[in-house]
Number of protein chains: 2
Amino acid sequence: MTPLRLVIFEDNNDFRESLLHLFRFTPDVEVVAAYPDCSGVRNAVTQWKPEVVLMDIDMPGLNGIEATAVVKEASPTTQVVMLTVSEEEDRIFQALRNGATGYLLKKSGPDELVESVRLVHKGGSPMSPAIARKVLQFFHLTQATPQTAAAAPKTVETDDDALATGLTPREQEILEALVDGLSYKMIAAKHFISTDTVKNHIQGIYRKLHVNSKGEAISFALKRGLAGNR
Amino acid sequence: MTPLRLVIFEDNNDFRESLLHLFRFTPDVEVVAAYPDCSGVRNAVTQWKPEVVLMDIDMPGLNGIEATAVVKEASPTTQVVMLTVSEEEDRIFQALRNGATGYLLKKSGPDELVESVRLVHKGGSPMSPAIARKVLQFFHLTQATPQTAAAAPKTVETDDDALATGLTPREQEILEALVDGLSYKMIAAKHFISTDTVKNHIQGIYRKLHVNSKGEAISFALKRGLAGNR
DNA sequence: CAGGGTGTACCGCGTTTGTGGTACACCCTG
DNA sequence: CAGGGTGTACCACAAACGCGGTACACCCTG
């Protein structure tokens with residue numbers, strides 16, 4: 001079978017040579033090209049149609065993040081693995097947004113590098129654990145409240161706002177829960193009350209917000225900042 | 001220095017024994033306890049205060065996902081690494097939502113397992129590449145592609161904004177309607193289709209956003225700007 | 001103390017939503 | 001042309017929700 005075509009973009013001459021050397025002993029991977037900058041990135045990918053690209057982030061001229069966007073645009077099926085020393089969050093997310101599917105720190109060992117190239121081609125996303133953690137943290141930010149029936153340490157200091165909307169503190173809490181996407185049952189469990197009581201509060205909320213479904217209430221609350229506390 | 005305290009939850013006796021055996025030869029990790037089920041998970045973590053927990057997903061009684069929530073609630077600093085054979089998406093996201101910071105497939109080698117335990121304690125998120133890929137795919141969904149290409153002279157055609165979210169154009173429309181608080185009937189009327197078709201599209205939305213109710217979908221969409229057109 | 005607001009709880013009833021199927025017609029793309 | 005994705009539509013069943021009512025125990029405040 002034909003080896004996997006790999007193109008490398010890495011401005012550091014020593015490191016680029018190391019990579020070339022490394023893959024010279026990897027029969028199933030063929031480095032078809034290696035560039036010290038990304039000026040010709042579009043031509044490079046259209047010409048070589050590589051399965052995988054190893055992309056350094058810090059490069060003069062077009063940097064690796066922008067270049068990644070170009071690669072994915074010119075050849076969507078090409079998998080891009082970022083290679084960097086920095087763990088800067090913004091960089092990471094920009095790269096991932098632009099379509100990178102792997103993200104390795106340069107301190108990764110040679111074996112790991114080689115294996116990562118294979119993995120990304122097989123549909124995986126090799127990622128240094130430190131990077132993965134940052135992605136997960138972001139993931140958590142955007143994912144509210146697990147639905148386990150457990151006491152939630154909630155400090156609603158929102159009394160003033162509550163008054164502004166006419167919602168009672170309790171209703172405010174329930175509204176927050178609604179916005180988190182919880183069902184009556186889950187809210188009941190969370191607050192140790194019966195689902196009927198939840199219903200009562202929710203009826204109060206509907207009356208005061210002039211809505212008549214969960215969906216409207218959530219939409220209203222989020223659009224007006226009544227809940228969702230970003 | 002004191003070794004890292006590890007607690008294992010794994011119902012398969014053979015595999016649990018293998019793990020015990022494995023860590024017996026790992027001086028910097030001490031398995032303080034290993035259980036075949038999660039019935040006593042809360043007590044276990046409060047008693048042992050482990051730095052790391054290895055948690056199987058498929059277990060009788062309380063499953064690993066639910067147990068993870070309990071662990072994080074009882075001991076927030078404890079890091080939980082999921083261990084599973086399945087690559088089911090919902091499982092993965094539930095576990096991560098509930099606070100797991102690592103996610104390994106059981107086919108991972110012994111060295112990888114040991115290293116993962118160390119890494120998760122050092123602040124990383126060891127993750128099998130196949131898992132990482134799924135997380136990234138989800139990540140992409142929620143990121144309405146702001147290509148950083150400030151310097152990009154080529155004006156990367158953003159033709160497919162809708163595709164960027166992974167939602168089809170139709171699903172995008174339906175999502176907008178949901179955010180407006182419309183019911184199935186109203187959406188059906190608005191788009192001149194049957195309520196069943198609305199349901200189909202909404203199912204597609206739920207699947208892609210990993211939610212399972214109108215409330216969650218609306219909340220998700222608004223928090224991420226997937227809809228609500230600001 | 002009487003009355004209003006709040007938080008709690010229960011009941012019933014009809015509607016909406018969620019889940020899991022099957023089906024077919026289109027349009028692509030390999 | 002076979003196969004995958006999309007958009008359409010239908011069916012059946014269970015769970016969740018919305019609406020109406022009643023009830024009682026608080027804690028205020030007039």
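Dashed line: the shortest gap from a side-chain N or O of B:Lys214 to OP1 or OP2 of C:dT16 is not under 4.0 Å. Of the side-chain N and O atoms in A:Ser213, none sit less than 4.0 angstrom from OP1 or OP2 of C:dT16. Between D:dT8 and B:His201, a contact under 4.0 Å exists linking OP1 or OP2 to a side-chain N or O. Residue A:Gln203 places no side-chain N or O under 4.0 Å from the OP1 or OP2 atom of D:dG18. In this structure, B:Arg170 reaches the D:dT8 phosphate: one of its side-chain N or O atoms is under 4.0 Å from OP1 or OP2.
Set against D:dG7, C:dT16, D:dC17, the side chain of A:Tyr184 has D:dC17 as its closest nucleotide. Residue B:Ile202 places its side chain closer to C:dG18 than to any other of D:dG18, C:dG18, D:dA16. For B:Tyr206, counting side-chain heavy atoms from C-beta on, the closest listed nucleotide (C:dG18, C:dT8, D:dG7) is C:dG18. Checking D:dG7, C:dT16, D:dC17 against every side-chain atom of B:Pro169, the shortest atom distance belongs to D:dG7.
Rounded to a whole Å, the NZ atom of A:Lys208 is 9 Å from the C1' atom of C:dG5. One can place CG of B:Asn212 at 11 Å from P of D:dA16, the figure rounded to the nearest angstrom. Residue B:Ile174 contributes atom CD1, which lies 14 Å from atom P of D:dT6 at whole-angstrom precision. Here the C1' atom of nucleotide C:dT19 and the CD atom of B:Glu216 are 15 Å apart, to the nearest Å. As rounded to whole Å, 19 Å separates atom P of D:dC17 from atom CG of B:Leu182. Taking atom CZ of residue B:Arg207 and atom C1' of nucleotide C:dT17, one finds them 18 Å apart after rounding to whole Å. Between the CD1 atom of B:Ile205 and the C1' atom of C:dT17 there is a distance of 14 Å, rounded to whole Å. Nucleotide D:dA16 holds its P atom 13 Å from the CD1 atom of A:Ile187, rounded to whole Å.
Using a 4.5 Å heavy-atom cutoff, the side chains of B:Tyr35 and B:Met59 are not in contact. Between A:Leu19 and A:Leu113 the shortest side-chain heavy-atom distance falls below 4.5 Å.
Applying a 4.0 Å cut-off to non-hydrogen atoms, the residues of residues 190-199 of chain B that approach DNA chain D are B:Ile193, B:Ser194, B:Asp196, B:Thr197, B:Lys199, listed by residue number.
Ion pair A:Arg5/A:Glu51 flagged as a salt bridge, since at least one NZ, NE, NH1 or NH2 atom sits closer than 4.0 Å to an Asp/Glu carboxylate oxygen. Using a 4.0 Å cut-off between charged side-chain N and carboxylate O, B:Glu10 and B:Lys106 make a salt bridge.
Shown here are the salt bridge (charged side-chain N to carboxylate O under 4.0 Å, His left out) partners of B:Arg16, two or more places apart in sequence or in another chain: there are none. Remark: A:Arg24 engages no residue in a salt bridge (charged side-chain N to carboxylate O under 4.0 Å, His left out) (not counting sequence neighbours). The salt bridge (charged side-chain N to carboxylate O under 4.0 Å, His left out) test applied to B:Glu171 returns B:Lys208, not counting sequence neighbours. For A:Arg170, the salt bridge (charged side-chain N to carboxylate O under 4.0 Å, His left out) criterion is met by A:Glu173, not counting sequence neighbours.
At its two ends the helix from C:dC1-D:dG30 to C:dG30-D:dC1 runs along axes set 40° apart, each axis drawn from five pairs and the angle rounded to 10°.
A donor-acceptor contact under 3.5 angstrom links the side chains of A:Arg133 and B:Gln79, judged on distance only. Side-chain atoms of B:Asp37 and B:Ser39 include a donor-acceptor pair closer than 3.5 Å.
Among the heavy atoms of the strands lying under 4.0 Å from B:Asn200 is at least one base atom, whether or not backbone atoms are also near. Looking at heavy-atom distances under 4.0 Å, B:Glu171 makes no contact with the nucleic acid at all.
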